[in-house]
Amino acid sequence: MKEYSNGEIAVIWKPELCQHAGICVKMLPKVYNPKEKPWIQAENASTEQLKQQISKCPSGALSYR
C-alpha cells in the first residue's frame with residue numbers, strides 16, 4: 001500500500017488489487033502517469049476531483065482518507 005497526498009486528502013493505492021483498467025489515467029492524466037516517479041501526483045487535482053475519480057476505480061485499488 002502506498003499513499004500520495006495533496007495536503008487535504010491522501011490517495012491510497014494498493015498495487016496488488018490494481019487491474020490496470022486505466023480509468024484513473026484517462027480521467028486525471030495530470031495526476032496518474034505510470035511513466036513518472038512517483039506515478040501519482042495528487043497535488044495536480046482538487047480534492048473533489050480525486051474523490052470523484054477514485055469512486056470509479058473498478059478494482060478498489062484506489063481509496064482515500
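All values below come from the heavy atoms of this structure, side chains included, with hydrogens, waters and symmetry mates left out.
The distance from the CG atom of Asn44 to the OH atom of Tyr4 is 14.0 Å, given to the nearest 0.5 Å.
With sequence neighbours left out, the side-chain contact (heavy atoms from CB on, under 4.5 Å) criterion links Glu8 to Asn6, Thr47.
In this structure, Glu3 and Ala10 approach most closely via the heavy-atom pair OE1-CB, 3.7 Å. In terms of heavy-atom proximity, Ile54 sits nearest to Ser63 at CG2-CA, 3.6 Å.
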Counting only pairs under 3.5 Å, give me each side-chain donor-acceptor contact of residues 14-36, with atom names and distances, residues two or more places apart or in other chains.
from: Tyr32; atom 1: OH; to: Gln53; atom 2: OE1; distance (Å): 2.6
from: Asn33; atom 1: OD1; to: Lys35; atom 2: N; distance (Å): 3.0

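Trp13 has its side chain within reach of Ile40: a pair of non-hydrogen atoms, C-beta onward, lies under 4.5 Å apart.
Connectivity analysis of hydrophobic side chains (ILVMFWY, heavy atoms under 4.5 Å, direct or indirect) links Met1 to Ile12.
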